[in-house]
*Asks:* 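Below is one structure. I have some questions about it.
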2 protein chains.
Amino acid sequence: MIRRSERLRAMLEGLRASGLRLTPQRVAICEALAMSRNHPTAYDLYRRLRRRFPTMSLATVYKTLDALVRLGLVSALGDAGDGMVHYDGDTEPHINLVCLSCHRVQDLEGVDVRALHQRVAARSGYALQGARLVYYGLCPDCQRKVEASIAEEA
Amino acid sequence: MIRRSERLRAMLEGLRASGLRLTPQRVAICEALAMSRNHPTAYDLYRRLRRRFPTMSLATVYKTLDALVRLGLVSALGDAGDGMVHYDGDTEPHINLVCLSCHRVQDLEGVDVRALHQRVAARSGYALQGARLVYYGLCPDCQRKVEASIAEEA
DNA sequence: ATGCATGCAAACTCTTTGCAAACGC
DNA sequence: GCGTTTGCAAAGAGTTTGCATGCAT
């Protein structure tokens, strides 16, 4: 949990430092993103925040996410088979798991990719700014569902 | 080069085996994708193929790519900062490099990710179907351009 | 007080779909 | 010949933009 509040802090500080104003909407978006365990889309955040900010606009969410990504404070994971961009408040290289059935995105703990990052940096010649390490497949829950539906057909 | 013609073969065979017809358009799309070094978008392929097939439709390109992805013969890399989906004829897990300035996508040779794949499969509990291992940054060419433009300002 | 940010709606872009004509098998 | 595939155009979906109002600094 310490990690998460650090992330929030970094986001707010980053926005402020680059001359952007800390409006209630921006703070709320950062909070929601820093605290979320799954990796929400712009629309996910919008829906969640609309409760507290009935006038919150989807455009504001997009604009804020855009600023955060440009500042390197948040990374855009790309779509998860659902055609929507998922965002990740954790910019440290790590592995994401995408379920192609339920479109959920989660982190994989316990696999260190720092050595990989070093090797890529050395061999590529690129000035690396981030990474998206995504594995696709069926999550355990959806595997069970598929098995159940096959059993049903038989 | 052997690899590339094998890929083409696998794509055509895969389409045929699943009952899809080998139309000239589909063959040409597979060829262009299997042979391409960079990772083209649907529009890239469309533009390239329109020379040989003046009536080629962008919709046909999308439909064919969709079929190839569904059959697991091609993988969709997601966007490269340009908002368009890039496709990769190589479905073996490997590392892609995306340049955030010129939006080019290339493979990184010489970094083996099979051990990583094994570890992810074991720890995640997912039935893995594929991976997208993408590092973002500035390619050597664009780094030079940035340096040049900074020098110019001074 | 100044000028950036919000929020609405309209515009934009990539992608998908519907359907008549054409073609692979 | 049958049924799929093509290609056009129009629809769809996610994201971005323009602009008047409101608010952080």
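None of these values were measured; they are calculated from a predicted model. Just so it is clear: chains get the letters A, B, ... in the order the sequence lines come, proteins before strands, and each one is counted from 1.
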*Asks:* Identify which nucleotide among C:dC25, D:dC8, D:dT25 has an atom closest to any side-chain atom of B:L22, counting heavy atoms from C-beta outward.
*Replies:* C:dC25
*Asks:* For the pair made of CG in A:L49 and P in C:dT6, what is the distance, rounded to whole Å?
*Replies:* 12 Å
*Asks:* Tell me which nucleotide among D:dA9, C:dT15, D:dT5 gets nearest to the side chain of B:R26.
*Replies:* D:dT5
*Asks:* Report yes if a side-chain nitrogen or oxygen of B:T23 is closer than 4.0 Å to either non-bridging phosphate oxygen (OP1 or OP2) of D:dT6; otherwise report no.
*Replies:* yes
*Asks:* Using whole Å, report how far CG of B:L15 lies from P of D:dT6.
*Replies:* 10 Å
*Asks:* Hey, is B:E31 close enough to B:R48 for a salt bridge, meaning N to O under 4.0 Å?
*Replies:* no
*Asks:* Send over the distance from A:Y87 OH to D:dG14 C1', rounded to a whole Å.
*Replies:* 10 Å
*Asks:* Measure CZ/A:F53 against P/D:dC23 and give the value in whole Å, please.
*Replies:* 13 Å
*Asks:* Could you state the CZ-C1' distance from B:R50 to D:dC8, rounded to the nearest angstrom?
*Replies:* 14 Å
*Asks:* Distance check needed: D:dT5 P versus B:L68 CG, whole Å only.
*Replies:* 12 Å
*Asks:* Let me spell it out: for each of A:K63 and B:R21, pick the nucleotide of DNA chain D with the closest heavy atom. Which residue's pick is nearer the 5' end?
*Replies:* B:R21
*Asks:* Under 4.0 angstrom, heavy atoms only, what part of the nucleic acid is B:P54 near: base, sugar-phosphate, or nothing?
*Replies:* nothing
*Asks:* Which residue, A:T60 or B:D82, contacts DNA chain C at a nucleotide closer to its 5' end, judged by nearest heavy atom?
*Replies:* A:T60
*Asks:* Would A:R16 and A:E13 pass as an ion pair if we require N to O under 4.0 Å?
*Replies:* yes
*Asks:* Ring-plane angle category for B:Y135 and A:H117, please: parallel below 30°, perpendicular beyond 60°, tilted otherwise.
*Replies:* perpendicular
*Asks:* Just how far, in rounded Å, is P of C:dT16 from CG of B:L58?
*Replies:* 10 Å
*Asks:* Would you say B:Q25 reaches C:dG24's phosphate, i.e. side-chain N/O to OP1/OP2 under 4.0 Å?
*Replies:* no
*Asks:* Starting from the 5' end of DNA chain C, give me the residue, B:T41 or A:P24, whose nearest nucleotide shows up first.
*Replies:* A:P24
*Asks:* Taking the side chain as every heavy atom from C-beta outward, state whether A:Y43 and A:L45 have any atom pair closer than 4.5 Å.
*Replies:* no
*Asks:* Taking the side chain of A:S57 as its heavy atoms from C-beta onward, which of D:dT6, C:dG7, C:dC14 lies nearest to it?
*Replies:* C:dG7
*Asks:* Please report the distance, rounded to the nearest Å, between CG in B:L20 and C1' in C:dG24.
*Replies:* 12 Å
*Asks:* At their closest point, which heavy atom of B:H86 faces which heavy atom of B:H39, and how far apart are they?
*Replies:* ND1-O, 2.6 Å
